[in-house]
Amino acid sequence: MLPPASVSELLTRAGEISGMTLAQLAARRGFAVPPDQQRHKGWTGTLIESALGAVSGSQPQPDFPALGVELKTLPVGRGGRPRESTYVCVAPVDGRPQSWATSLVRRKLTCVLWVPVEGAAAIPLGERRIGTAFLWRPTEAEESQLCADWAEIMEAITIGELDRISARHGKWLQLRPKAADARARTRAPGADGMPGQTLPRGFYLRSAFTARILARRSATIRLPAAWPGR
DNA sequence: AGCTGATCATAT
DNA sequence: ATATGATCAGCT
């Protein structure tokens with residue numbers, strides 16, 4: 001699938017897969033449906049990427065570079081609440097000065113195509129349905145808060161106090177481990193200004209934030225949101 | 001039940 | 001090791 005030439009085309013593609021089950025889309029894309037996600041955590045995201053023509057690979061940039069749009073699947077449980085936090089990107093813990101304006105977090109969150117997917121544990125993976133995708137941009141207030149969260153975390157990193165930052169920090173944007181396991185290490189400034197190492201981290205959006213995003217959509221778009229009653 | 005810290009697969 | 005796609009699983 002070639003990348004969409006426009007945001008309009010991207011939305012059209014998203015509309016064409018909404019309502020489908022993951023098994024149906026998997027068949028169309030030639031994906032095998034795993035029994036569960038225990039060893040296939042990124043399966044849904046990769047499948048949706050494939051269907052929409054996202055640029056594959058592990059590049060630190062939005063999924064649709066030409067459009068400046070990032071793609072995120074959002075597992076939604078009963079009650080319409082996100083079942084998980086949303087990974088944004090790796091956190092630069094090397095201590096180099098960064099600015100919010102050019103940060104990867106901001107670039108990724110400037111424009112996101114959210115694709116809700118049924119995520120209730122009771123529904124077999126293949127039977128989960130793809131919801132109605134929608135384009136989102138942070139409001140000024142949201143970006144201001146995201147920037148504040150980001151700045152607090154980045155400040156701690158810069159002065160070598162990354163280890164005092166836990167997932168409890170940040171109203172909407174938090175820092176959490178992002179590694180193969182707890183023994184993984186990456187370069188980071190030490191408390192004394194000397195080179196050191198630490199567990200790699202990533203930025204994540206709290207589910208309370210993505211819940212707001214979903215709620216705003218509901219309020220903006222005419223009901224019935226008619227989410228399949230399962 | 002929700003949250004934090006840990007973990008899994010894959011590509012480069 | 002670093003980046004992507006995320007969810008898992010133990011603890012409060």
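Sequence lines set the chain letters: A, B, ... in the order given, protein chains first and strands last, and positions in each chain run from 1.
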Carboxylate-amine/guanidinium contact A:Glu161 A:Arg164, below 4.0 Å: yes
A:Glu142 bridged to A:Lys171 by N-O distance under 4.0 Å: no
Qualifying residues under salt bridge (charged side-chain N to carboxylate O under 4.0 Å, His left out), relative to A:Glu84, sequence neighbours excluded: none
Distance below 4.0 Å between A:Arg81 side-chain N/O and B:dG2 OP1 or OP2: no
Phosphate-side-chain proximity, A:Arg206 and B:dT4, N/O vs OP1/OP2 below 4.0 Å: yes
Take the protein atom [atom1] of [X] and the nucleotide atom [atom2] of [N], then report the distance between them rounded to whole Å.
| X | N | atom1 | atom2 | value |
| --- | --- | --- | --- | --- |
| A:Leu205 | B:dT4 | CG | C1' | 16 Å |
| A:Asp181 | B:dA9 | CG | P | 12 Å |
| A:Arg187 | C:dA1 | CZ | C1' | 12 Å |

Donor-acceptor under 3.5 Å (A:Lys72 side chain, A:Tyr87 main chain): yes
Sugar-phosphate, base or nothing in reach of A:Ala182, heavy atoms under 4.0 Å: sugar-phosphate
Sugar-phosphate only, base, or nothing, as touched by A:Arg83 at under 4.0 Å among non-hydrogen atoms: nothing
Output one line per pair: protein atom, nucleotide atom from nucleotides 3-7 of chain C, and distance, for all N/O pairs under 3.5 Å.
residue: C:dT4; atom: OP1; partner: A:Lys108; partner atom: NZ; Å: 3.0
residue: C:dT4; atom: OP2; partner: A:Tyr87; partner atom: OH; Å: 2.7
residue: C:dT4; atom: OP2; partner: A:Val90; partner atom: N; Å: 3.3
residue: C:dT4; atom: O4; partner: A:Lys178; partner atom: NZ; Å: 3.3
residue: C:dG5; atom: OP1; partner: A:Asp63; partner atom: OD1; Å: 2.6
residue: C:dG5; atom: OP1; partner: A:Asp63; partner atom: OD2; Å: 3.1
residue: C:dG5; atom: OP1; partner: A:Glu70; partner atom: OE2; Å: 3.3
residue: C:dG5; atom: N7; partner: A:Lys178; partner atom: NZ; Å: 3.3
residue: C:dG5; atom: O6; partner: A:Lys178; partner atom: NZ; Å: 2.2
residue: C:dA6; atom: OP1; partner: A:Thr73; partner atom: N; Å: 3.1
residue: C:dA6; atom: OP1; partner: A:Thr73; partner atom: OG1; Å: 2.8
residue: C:dA6; atom: N6; partner: A:Tyr204; partner atom: OH; Å: 2.7
residue: C:dT7; atom: O2; partner: A:Lys41; partner atom: NZ; Å: 3.1
residue: C:dT7; atom: O4; partner: A:Arg176; partner atom: NH2; Å: 3.4

Closest non-hydrogen atom pair between A:Glu152 and A:Gly170, with its separation: OE1-N, 4.2 Å
Nearest heavy-atom neighbours spanning A:Ala188 and A:Thr198: CB-CG2, 3.4 Å
